[in-house]
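Each chain gets a letter, A, B and so on, in the order the sequences are listed, and its residues count up from 1. Hydrogens, waters and symmetry mates play no part in the numbers below; they use all other heavy atoms, side chains included. Predicted, not measured: the structure shown is a model, and the values here were computed from it.
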Amino acid sequence: MQHYRNFCIIAHIDHGKSTLADRLLERTGRVSAREMTMNQILDDNPLEQERGITIKLHAIQMDYVSASGENFKLNLIDTPGHVDFSYEVSRSLSACEGALLVVDATQGVEAQTISNLFMALEQGLEIIPVINKIDLPSAVTTIDNVKKQVMDLLGCKEEDMIMASAKTGIGVDEILEAVIARIPAPKGDPKAPLRALIYDSIFDAYRGVVVNVRVFDGTLREKDKVLFMVTGQSYELDEVGVLYMQRKRTGILEAGNVGYFTAAIRKLQDTKVGDTVTLLNNPTDNPIAGFREVKPMVFSGIYPAESDDFEDLREALGKLTLNDSAISFEPESSNALGFGFRCGFLGLLHMEIVQERLEREFNQTIITTVPNVRYKVITTKNEVVWVDNPAQLPKTTMINEILEPYIRAQIIAPSEFVGTIMKLCMDRRGVMTGQTYLSADRVDLTFNMPLGEVVFDFYDKLKSSTRGYASLDYEYSDYEPGELVLMDILLNGEPVDALSSIVHRQKAHEWGKKLCIKLKELIPRQMFEVAIQASIGSKVVARESISAIRKNVLAKCYGGDISRKRKLIEKQKEGKKRMKQVGRVEIPQEAFHAVLSID
Amino acid sequence: MFGLYLHIPFCEKKCSYCDFYSIESTEHIHAFVRTLVQEIDLRSTSDIATSVFFGGGTPSLLSPADMATIISKLCNSYAIAEDAEWTMECNPGTVTLERLEAYRASGINRLSFGVQSFTASELMFLDRIHNADEADAAMSLARAAGFDNVNMDLMFAVPGQTMETLNYNLLRMLSLEPDHISAYSLIYEHGTPLYARLKKGLITPQNEEVDAEMYALVIATLTAAGYEQYEVSNFARTRKQCRHNLTYWHGDNYLALGPSAHGYIDNTRYWNHRSLSAWTSKVHEGVLPEANREALTPHEQLVELLFLTLRADGVPLAEFQSRFDIDLQSLLQPDLGHWFDAGFVIDNGITLRLTGEGYRVCDEITLKMIERVG
Ligand SMILES: Nc1nc2c(ncn2[C@@H]2O[C@H](COP(=O)(O)OP(=O)(O)OP(=O)(O)O)[C@@H](O)[C@H]2O)c(=O)[nH]1
Ligand code: SF4
Ligand SMILES: [Mg+2]
């Protein structure tokens with residue numbers, strides 16, 4: 001056990017975690033230079049490669065011969081930086097004794113640097129600060145300041161930090177030696193009753209669920225009968241091993257090690273991440289503390305473009321949740337969109353990724369609605385109703401109070417933007433709760449804000465109004481009452497449920513007006529005039545109209561024109577796939593996202 | 001039963017808006033006629049032709065003798081119904097009484113004049129070679145030669161046209177009492193000089209509103225004068241519908257000859273080379289001068305039949321049921337009510353048919369119908 005080291009790489013998004021992992025894999029020979037066919041090789045989902053971000057934690061074991069000639073096994077976990085996936089980070093940390101905290105030498109400490117660091121410290125991990133990207137020419141001017149930020153943040157000395165470039169490989173040896181020297185070897189007793197923590201699980205079409213575990217005590221062997229302590233399920237283990245680029249079967253996994261097992265488990269839901277695995281006939285009486293449940297924070301409707309494809313979509317969502325247990329979905333129906341699902345996500349990026357995966361990996365053509373948060377409604381009968389679809393809000397007369405989720409938003413930015421950021425957050429009903437100067441020109445602001453105000457393009461606004469310098473991190477705080485009202489959109493007098501939204505009373509008029517104007521832009525002219533109205537209760541607060549098409553007919557269609565016309569019609573029909581009809585009005589997909597493009 | 005189309009690819013001068021295949025040099029006419037006769041030999045059928053249509057181009061550039069040669073070849077090669085409709089397109093500027101009489105003697109019984117307008121500025125804009133008086137004269141000559149079935153083409157939404165000039169054109173055309181009127185809204189076809197001018201911003205097209213108003217005026221005026229609208233752009237006096245064009249719109253068979261001509265036989269469409277030389281050399285080699293052909297899938301047949309019949313005299317409900325096993329009335333249920341209410345469509349139990357108002361938004365209704373049938 002003295003020769004194991006378990007560590008993860010944590011950082012703010014894009015600071016170079018996965019690239020650093022590439023260099024470590026190369027240096028330890030886990031992946032040869034020839035096999036290194038792409039950058040961020042651990043980002044093995046095509047979407048991760050395309051977007052250049054990590055979505056899922058990724059564990060891999062390396063063999064390393066230290067400078068002193070000893071053989072070590074290093075279990076590395078690369079983690080995502082984006083706030084939506086901080087749950088992946090917290091789980092990774094629980095399998096490790098140490099973490100490399102990577103900080104971009106040109107960007108410095110940012111919001112997720114701090115939040116991820118705190119998570120690691122809470123778990124008692126040894127932190128090795130790595131200042132990355134020192135090869136960048138602009139680092140020359142920023143690095144001293146960044147070093148100072150990191151020292152202030154960690155209370156560490158200059159010599160504790162490793163200067164590195166994940167691009168050129170500078171500092172990689174030093175990092176590996178520091179991992180050996182500074183991160184404690186795992187403790188644990190291979191003879192004690194088994195205690196293994198499930199920190200992740202993935203679905204494999206052939207093997208079923210592949211459970212990733214960190215063994216704290218005892219030993220896992222193939223054919224062992226194990227008990228999952230929280231779910232109470234027991235299984236016989238099929239395959240046990242460690243993780244290389246592919247799974248490597250070893251048959252055994254001892255205390256201190258990180259690896260996987262399979263056991264003919266058919267659904268991801270049958271395992272619970274955070275559960276403790278022990279032996280059925282020799283259980284531990286000391287289960288490991290699990291993880292807090294992740295709850296979906298934002299919700300949106302996902303509907304098949306063609307109503308016939310509802311069952312297909314259900315199947316696709318089912319398969320997707322096999323690989324991503326953070327998604328929730330429940331059937332719902334809408335007058336505009338027919339039958340579909342209300343899906344819950346960890347955040348907007350998570351939502352986008354799920355929607356994209358449905359289209360790409362599962363070939364679904366879908367229509368999605370605007371995201372919203374989950375409201376807590378106290379009825380006049382003092383009952384609590386959770387509302388994750390605005391159209392489902394109880395009648396006003398039945399409502400005593402509506403509460404909405406609040407977040408603690410942390411924004412780090414150069415101090416010159418304080419005014420801009422305060423204005424932006426206050427416009428979104430934020431209240432500043434803290435302001436700390438990280439250095440003379442760098443400030444850390446915290447706000448108490450309704451999450452509902454953040455789901456509509458807050459992040460983009462924040463970035464664009466600070467020239468990209470501000471970084472945002474947030475965590476859920478609590479539900480607080482709000483003066484919220486339901487705003488309906490009516491097209492030719494018919495309410496379109498998928499366009500309903502819950503808005504703050506004081507903003508409702510303004511909002512309704514902008515929304516009507518936007519819808520007028522987004523809904524194409526049709527053969528009938530379309531009247532657009534925004535209403536609160538029975539009161540119309542804004543209206544617009546789209547004039548009817550006056551003429552649309554091909555004048556000539558003789559023998560030589562027919563083929564061409566048919567092909568045109570078929571193309572147009574394809575283009576209308578994502579149009580939905582309410583009454584006589586056809587509504588394009590973009591219209592369901594109209595509120596997102598309002599400024 | 002089938003229609004027979006022959007494409008005569010010669011014009012004295014290309015009109016600015018025209019994208020039909022035709023060339024301005026007429027020196028090859030004789031060679032063309034000989035080749036056309038050879039193509040007839042390549043395309044035999046035992047079916048009975050109910051209409052023959054000489055289109056173009058300008059068929060009236062063919063001498064009566066050439067015309068007679070082709071017609072007698074057709075009669076020898078195909079079974080042509082006794083009462084078949086024999087149409088020939090003519091340029092009003094190129095006809096004389098003798099010629100018309102001669103055409104009539106060889107069997108032509110319907111004429112179609114590309115009149116387009118009676119307003120000099122509009123004719124000039126369209127690069128037409130004739131003038132308004134020649135259009136009047138053409139009609140008198142046709143009647144004098146004994147033709148009792150004459151069509152005139154009219155164009156609207158021409159840049160510079162006003163409701164007044166259009167009204168004048170309509171009334172003047174009506175005064176000539178044609179049996180059939182084709183009234184087209186000007187199309188800016190890709191590849192035409194007109195299109196190029198439009199793209200360069202040299203002309204301002206009529207806006208949609210005016211186009212719609214003009215169309216309404218055309219429909220109202222012609223209907224009031226006793227012409228029935230039986231297709232988007234076609235109006236006829238009683239029993240004077242163009243039988244040949246109805247073969248296109250009813251999805252019937254038509255055999256086509258000559259460069260660029262499109263034929264449709266037993267659900268397969270073919271099109272001849274759009275070049276006199278390519279067409280000629282193929283025919284001389286004794287092979288079909290086709291650039292390509294496509295066999296339509298049942299779904300494509302359905303789509304075509306739907307949009308063509310909708311453009312024309314109505315979608316035949318029984319045929320959709322028997323041929324495609326489709327109950328249109330129930331498939332279209334969600335929309336029909338809206339369309340009846342708006343006065344776009346009428347259901348007479350046999351067909352779903354567009355009204356004058358409905359023709360105006362025909363392509364919108366078409367697309368919706370196609371979406372509904374899947
Ligand atoms: N010049 C330079 N670029 C680097 C270095 N390390 C990473 N990059 C670049 O920075 C970008 C982000 O790198 P990643 O390794 O994907 O960053 P990450 O921290 O894994 O990002 P997330 O997983 O999305 O949080 C990529 O374009 C890398 O090529 C470095 O040392 N020098
Ligand atoms: S419109 Fe008729 S006359 Fe004019 S170029 Fe075309 S085919 Fe020839
Ligand atoms: Mg990464």
Centroid separation under 6.0 Å, is that true for the rings of B:Tyr248 and B:His262? no

Holding to side chain to side chain contact (heavy atoms under 4.5 Å, CB included), I want the full list of residues that pass it with B:Ala256, two or more places apart in sequence or in another chain. B:Tyr5, B:Ala261, B:Tyr270

Between B:Glu357 and chain A, with a heavy-atom cut-off of 4.5 Å, which part of the residue counts as in contact: side chain, backbone, both or neither? neither

By number, which residues in residues 544-551 of chain A have some heavy atom less than 4.5 Å away from chain B? A:Ile549, A:Arg550, A:Lys551

Any side-chain heavy atom of A:Val485 sitting closer than 4.5 Å to one from A:Val503? yes

Set of salt bridge (charged side-chain N to carboxylate O under 4.0 Å, His left out) partners for B:Arg353, sequence neighbours left out: B:Glu228

Going by heavy atoms in the side chains, are B:Phe344 and B:His338 under 4.5 Å from each other? no

Validation row: B:Gln206, B:Phe156 side chains within 4.5 angstrom (heavy atoms): no

Report yes if some heavy atom in the side chain of A:Val385 is under 4.5 Å from a heavy atom in the side chain of A:Met398; otherwise report no. no

Are the side chains of B:Asp153 and B:Asn151 in contact, using a 4.5 Å heavy-atom criterion? yes

For B:Tyr184 and A:Tyr558, take the angle between the two ring planes, folded into 0 to 90°, and tell me which bin it lands in: parallel under 30, tilted 30 to 60, perpendicular over 60. perpendicular

Any non-hydrogen side-chain atom of B:Leu352 less than 4.5 Å from a side-chain atom of B:Leu332? yes

What residues of residues 522-530 of chain A sit under 4.5 Å from chain B when only non-hydrogen atoms are counted? A:Arg525, A:Met527, A:Phe528

What are the two closest non-hydrogen atoms of A:Phe592 and A:Val370, and how far apart are they? O-CG2, 2.7 Å

Check whether B:Thr366 gets within reach of chain A through its side chain, its backbone, both or neither, counting any heavy atom under 4.5 Å. side chain

Heavy-atom count check: over 12 atoms from other residues, nucleotides or ligands less than 6.0 Å from A:Lys513 NZ? no

Portion of B:Arg269 that has a non-hydrogen atom of chain A nearer than 4.5 angstrom: side chain

Okay, B:Leu186 and chain A: the region with an atom under 4.5 Å from a heavy atom over there is neither

Measure distances from A:Glu306 to the heavy atoms of chain B and classify the residue's part below 4.5 Å as side chain, backbone, both or neither. neither

Is B:Val361 close to chain A through its backbone or its side chain, or both, or neither, when contacts mean heavy atoms under 4.5 Å? both

So do A:Ser535 and A:Leu490 actually touch side chain to side chain, heavy atoms under 4.5 Å? yes

Using non-hydrogen atoms only, which part of B:Asp341 is less than 4.5 Å away from chain A: side chain, backbone, both, or neither? neither

Do the side chains of B:Glu294 and B:Glu300 get nearer than 4.5 Å, heavy atoms only? no

Please classify the contact between B:Tyr254 and chain A as side chain, backbone, both or neither, with a heavy-atom cut-off of under 4.5 Å. side chain

Applying salt bridge (Lys or Arg N to Asp or Glu O under 4.0 Å) to B:Asp363 and A:Lys565, what does each step give before you reach the verdict? CA-CA 10 Å; B:Asp363 288 6; A:Lys565 179 72 177 163; 2.8 Å; yes

For B:Asn245, is it the side chain, the backbone, both or neither that has a heavy atom under 4.5 Å from a heavy atom of chain A? side chain

Ranking B:Glu371, B:Glu231, B:His7 by heavy-atom pairs under 4.5 Å to chain A gives rank one to B:Glu371

In terms of heavy-atom proximity below 4.5 Å to chain A, should B:Ile187 be classed as side chain, backbone, both, or neither? side chain

